[in-house]
Amino acid sequence: MNLDSLLRTQIQKAVFAVFNQQIDNPQLQPTNKEFEGSHTLVCFPLAKISRKGPEETARLIGDHLVANSGIVSRYNVVKGFLNLVIGDTVWLEVFRSIHADKKFGERPSNGKEIMVEYSSPNTNKPLHLGHLRNNFLGWSVAEIYKSIGYNVHKVQIINDRGIHICKSMAAWKLFGNGATLQSSGLKGDKLVGKYYVEFDKVFKAQISELEQKGNSKETAEKEAPIMKLAVEMLQKWEQKDPETLSIWKMMNGWVYEGFSVTYHRMGVDFERLYYESKTYLLGKDEVLRGLDKGIFFKKEDGSVWVDLTADGLDQKVLLRSDGTSVYMTQDFGTAILRFRDFPKIEKQVYTVGNEQEYHFKVLFLILAKLGYSWAKECYHLSYGMVDLPTGKMKSREGTVVDADDLMQEMVEEAARQTKELGKIDEMTDSEFENLSEMIGMGALKFFLLKVDPKKRMLFDPAESIQLQGHTGPFIQYTYARIRSIIRKAETLNIQPAIQGITSMEPAEREVIFMIHYYMNKLEEAAREYSPAVVANYAFELAKEYNQFYQSIPIFNESDPAKLKFRVALSQVVADVLKKSMGLLGIRMPERM
RNA sequence: GGCUCCGUAUUUCAAUGGAUAGAAUUUCAGAUUCCGAUUCUGAAGAUGUAGGUUCGAUUCCUACCGGGGCUACCA
């Protein structure tokens with residue numbers, strides 16, 4: 001039973017009965033805590049059709065609902081707000097159906113498919129803090145869509161070719177002495193990253209040397225020997241030179257080995273990988289087709305452009321004068337390829353930093369101009385930079401926070417904290433390790449996901465792992481304590497049940513209200529592409545439960561019906577907490 | 001210059017155009033015969049500025065102030 005839609009229908013009926021008017025979408029919102037009731041109908045907009053004051057309008061609707069709806073037991077009116085009180089028996093019925101529904105929180109398949117792209121790393125260096133936000137966001141949005149019935153395809157594009165990887169390759173060739181994974185003992189992506197840093201160091205030294213000899217900065221950058229080598233390697237790569245290809249394959253192989261370790265710890269996964277080396281030539285045909293149709297135009301030097309000035313943007317190049325393609329060209333080529341690979345998807349979601357907002361605006365516009373109807377459904381899941389308390393985190397400034405290091409630190413901190421609290425005595429080593437991983441990663445994920453994606457945010461590692469406050473571990477603790485209650489109920493052989501009670505304490509009603517609101521929140525999160533909605537919901541639910549826990553006895557309750565009901569309530573809260581946090585990729589401990 | 005995102009308590013974050021702008025944090029004052037006090041209750045404290053639309057604006061519009069990003073025949 002869906003209480004909200006039932007109530008909406010009843011309100012529509014009431015408005016029709018009282019004012020003889022149809023309304024599409026009654027404006028319902030949760031009632032402020034200071035007033036009695038759970039659902040509030042905003043009646044200001046209805047004053048126009050009722051031709052009465054907002055308060056009188058509210059009263060007339062309220063009277064009709066109490067008399068006819070069967071679910072509203074009483075109401076109060078404050079200004080133009082109609083606060084509705086749902087009877088306890090109705091709430092208990094709502095709760096009973098949730099408790100019985102093993103699949104609560106998961107919509108059955110709606111037959112629709114979407115694709116979510118995230119991560120999309122370059123293969124010349126390790127993943128950093130920004131990638132963590134990217135991966136957690138993309139993965140979580142995919143899970144949220146799954147839970148409301150979509151078939152979701154998780155993909156990434158791996159930027160495995162281009163000048164950046166050739167830089168690492170050049171440095172390895174010059175200074176590597178044939179180093180391998182085995183000989184270095186390093187994680188693969190770290191080893192390749194080391195040469196990328198090495199390249200940069202040597203490159204800068206060569207530039208300043210050339211500048212001192214009187215060259216301009218531009219010339220120096222072009223003429224630096226190590227850069228010339230990297231460019232040469234890129235050309236050889238494009239000509240499929242066997243030696244270059246084998247270095248390229250070897251070094252990318254190292255990176256993939258390293259990345260897979262990092263992804264595993266992050267807890268993210270992909271259904272399909274796209275490699276830029278296989279897609280970078282795509283899109284050219286589409287440009288030529290667009291040129292024929294007059295969507296694009298050619299300049300006298302032979303380069304092909306699209307004119308987006310009518311859409312408030314600039315002109316954008318699509319093919320260079322030498323006929324080669326640019327990033328934009330391959331990106332819409334890849335988009336089209338994906339729709340061929342997965343013909344049923346109705347849109348793509350791209351999880352990419354907000355510095356590429358312009359790029360995606362152009363991309364979607366071009367796709368629309370080419371006649372692809374799905375273009376307008378595509379979405380750029382844009383997110384802001386992550387700052388640290390110590391300062392800004394920018395790769396250019398060389399203060400990159402490595403993803404592996406950060407995860408390791410979080411887990412170590414969690415372990416230290418748990419030890420300090422003296423909770424490890426009854427745990428085996430592997431249980432302790434597992435718990436530290438859950439808490440450390442939970443703290444990290446929750447903190448990165450609780451903020452609206454599009455906002456630039458500050459990540460404070462110390463604050464994120466606190467057991468009190470707006471944190472993942474706080475919610476995990478609440479969960480662990482509930483599980484402890486459930487275990488005790490099991491040993492006492494108390495079966496959770498909803499029988500023999502007809503009324504509730506306010507704190508119990510609040511908890512049920514929060515639980516019943518879960519699906520609304522999931523849909524909002526999907527609509528907004530925002531895991532933050534789910535994160536903040538889980539936090540609210542945990543707090544609501546703690547209030548109940550604090551003020552109402554469970555095992556000291558003498559009425560067995562109430563005792564069983566409260567155990568059932570605890571059980572459902574635990575389930576919903578676990579499900580909602582699961583959508584953020586956060587695991588929940590039985591004990592902590 | 002053009003485009004775009006952002007500006008909310010000391011700080012970090014909330015608020016489909018709705019009520020006295022919520023949390024967390026910090027400080028102070030309280031609560032446990034009890035299921036895990038890593039909890040709960042109370043107090044203090046904020047919408048960058050100036051207009052406009054609206055019954056009602058943190059939200060929409062305009063201008064300004066402040067911050068980030070984009071504006072490459074780079075990816």
Side-chain angles (χ1 to χ4, degrees), chain A residues 25 27-29 31-35 40 42-45 47-48 53-54 78-81 83 122 159 161-164 276 280 299 301-305 312-314 316-328 330-331 353-359 361-362 382 384-385 387 389 392 417-418 421 423 447 450-452 454-460 463-464 466-471 473-474 476-478 480-489 492 520 524 527-528 532-533 535-536 539-540 542-543 545-557 563 566-567 570 591-592:
Chain A
N25 199 18
Q27 197 181 337
L28 261 186
Q29 62 190 39
T31 303
N32 280 13
K33 291 246 164 134
E34 65 204 284
F35 304 115
T40 293
V42 183
C43 292
F44 297 98
K48 273 175 195 153
V78 182
K79 296 183 200 168
F81 297 95
N83 300 322
N122 289 352
N159 299 303
R161 57 130 244 144
I163 191 67
H164 52 87
E276 197 203 334
Y280 80 110
K299 288 195 176 174
D301 62 3
S303 56
V304 179
W305 295 71
L313 303 173
D314 297 326
K316 193 86 192 167
V317 68
L318 297 176
L319 286 182
R320 298 190 185 97
S321 48
D322 63 5
T324 56
S325 55
V326 294
Y327 181 48
M328 182 63 72
Q330 76 185 40
D331 240 24
N354 62 9
E355 68 276 7
Q356 297 210 34
E357 265 166 22
Y358 185 79
H359 172 81
K361 203 176 276 182
V362 172
S382 166
M385 201 190 304
D387 293 321
K392 292 175 183 176
Q417 213 173 63
T418 305
L421 291 165
K423 292 282 180 171
F447 213 87
K450 75 176 184 178
V451 182
D452 181 357
K454 67 173 181 287
K455 286 190 175 168
R456 183 174 184 154
M457 68 171 293
L458 184 76
F459 174 64
D460 186 338
E463 189 187 329
S464 76
Q466 292 300 313
L467 293 159
Q468 65 272 82
H470 192 185
T471 68
F474 167 83
Q476 289 173 320
Y477 172 72
T478 301
R481 198 169 50 185
I482 298 174
R483 291 299 304 157
S484 165
I485 291 168
I486 304 297
R487 281 192 298 273
K488 179 164 181 175
L492 295 175
N520 294 21
E524 184 186 338
R527 194 170 58 241
E528 309 280 329
V533 172
N536 291 323
F539 177 66
E540 293 296 326
K543 272 203 310 182
Y545 181 83
N546 281 339
Q547 284 171 31
F548 156 80
Y549 169 83
Q550 193 65 222
S551 56
I552 295 174
I554 298 178
F555 294 108
N556 281 2
E557 172 59 52
L563 171 55
R566 285 167 194 167
V567 171
S570 301
R591 298 181 173 78
M592 68 184 277

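Throughout, a chain's letter reflects where its sequence line sits, starting with A, and its residues are numbered from 1.
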With sugar-phosphate meaning primed atoms plus P, OP1 and OP2, does A/F555 contact a base, only sugar-phosphate, or nothing at under 4.0 Å between heavy atoms? base
Test side-chain contact (heavy atoms from CB on, under 4.5 Å) applied to A/R483 and A/R591, step by step: CA-CA 8 Å; A/R483 291 299 304 157; A/R591 298 181 173 78; over 6 Å; no
On RNA chain B, does the nearest nucleotide to A/S303 precede the nearest nucleotide to A/V78 from the 5' side, or the other way round? Give the residue. A/V78
Dot-bracket for RNA chain B, please. Rules: Watson-Crick or G-U, both distances under 3.5 Å, ( ) within the strand, [ ] when a pair crosses earlier ones, | for another strand, . otherwise. (((((((...(((....[...))).((((((.......))))))...(((((..]....))))))))))))....
Polar pair under 3.5 Å, donor/acceptor by atom type, side chain A/T471, base B/rA24: no
Check whether any side-chain N or O of A/Y545 sits under 4.0 Å from OP1 or OP2 of B/rC40, and answer yes or no. no
Check every atom of B/rU41, B/rA37, B/rA19 against the side chain of A/Q547 and return the nucleotide holding the closest atom. B/rU41
Under the ring-ring contact (aromatic ring centres under 6.0 Å, His included) test, residues paired with A/F35 that sit two or more places apart: none
Round to a whole Å and report the spacing from CD of A/Q356 to P of B/rU4. 18 Å
Planes under 30° and centres closer than 5.5 Å, is that true for A/Y477 with the base of B/rU38? yes
A/Y549 OH to B/rA37 P: how many Å, rounded? 4 Å
Residue A/F474, side-chain atoms from C-beta onward, closest of B/rC40, B/rG36, B/rA19: B/rC40
How many Å lie between CD on A/E355 and C1' on B/rA72, as a whole number? 15 Å
May I have the distance from A/D460 (atom CG) to B/rU12 (atom C1'), rounded to whole angstrom? 8 Å
Can you give one letter per nucleotide of nucleotides 13-18 of chain B, 5' to 3': B if a protein heavy atom sits under 4.0 Å from the base, S if only from the sugar-phosphate, - if neither? SS-B-B
Determine: side-chain N/O of A/S551 to OP1/OP2 of B/rC40, distance under 4.0 Å, yes or no. no
Contacts of type ring-ring contact (aromatic ring centres under 6.0 Å, His included), residue A/Y358, not counting sequence neighbours: none
With sequence neighbours left out, the residues meeting ring-ring contact (aromatic ring centres under 6.0 Å, His included) with A/Y477 are none
Using only atom types and a distance under 3.5 Å, with no angle test, would you say the side chain of A/S484 pairs donor to acceptor with the backbone of A/A480? no
Apply ring-ring contact (aromatic ring centres under 6.0 Å, His included) to A/Y549 and list each qualifying residue two or more places apart in sequence or on a separate chain. none
Of the candidate nucleotides B/rU39, B/rU38, B/rA23, which contains the atom at the shortest distance from the side chain of A/F539? B/rA23
A/K316 has an atom NZ; how far is it from atom C1' of B/rA75, in whole Å? 11 Å
Sugar-phosphate, base or nothing in reach of A/N25, heavy atoms under 4.0 Å: nothing
Assign A/G162 to base, sugar-phosphate, or nothing according to its heavy-atom contacts below 4.0 angstrom with the strands shown. nothing
Under 4.0 Å, counting only non-hydrogen atoms across every strand here, what does A/I163 touch: a base, just sugar-phosphate, or nothing? nothing
Of the candidates B/rC35, B/rU39, B/rA75, the side chain of A/H164 sits closest to B/rA75
For a quick check of understanding: with a heavy-atom distance under 4.0 Å over all strands, which category does A/L318 fall into, base, sugar-phosphate or nothing? nothing
Quick check: does any side chain N or O of A/T471 sit under 3.5 Å from a backbone N or O of A/Q466, one acting as donor and the other as acceptor? yes
If the condition is salt bridge (Lys or Arg N to Asp or Glu O under 4.0 Å), which residues does A/E276 pass it with, not counting sequence neighbours? A/R161
Expressed as a whole number of angstroms, how long is the span from A/R487:CZ to B/rC35:P? 15 Å
Going by the rule side chain to side chain contact (heavy atoms under 4.5 Å, CB included), which residues pair with A/Q29 if we only count those two or more places apart in sequence or in a different chain? A/T40, A/V42, A/F81
Distances under 3.5 Å between protein N/O atoms and the N/O atoms of nucleotides 27-34 of chain B, please, pair by pair.
from   : atom 1 : to     : atom 2 : distance (Å)
B/rC34 : O4'    : A/N556 : ND2    : 3.4
B/rC34 : O2     : A/N556 : ND2    : 3.2

Does the side chain of A/R320 get closer than 4.0 angstrom to OP1 or OP2 of B/rA75 through an N or O atom? yes
Length of the CD-P vector between A/Q468 and B/rC40, whole Å: 10 Å
Non-neighbouring partners of A/S321 that pass side chain to side chain contact (heavy atoms under 4.5 Å, CB included), sequence neighbours left out: A/D301, A/S303
A/E463 CD to B/rU10 C1', in whole Å, measures 13 Å
Name the closest nucleotide to the A/K454 side chain, picking from B/rC5, B/rA23, B/rA75. B/rC5
Check side chain to side chain donor-acceptor pair (under 3.5 Å) between A/D460 and all other residues, then give those that pass, not counting sequence neighbours. none
With A/N536 via side chain to side chain contact (heavy atoms under 4.5 Å, CB included) - residues at least two apart: A/K450, A/H470, A/A532
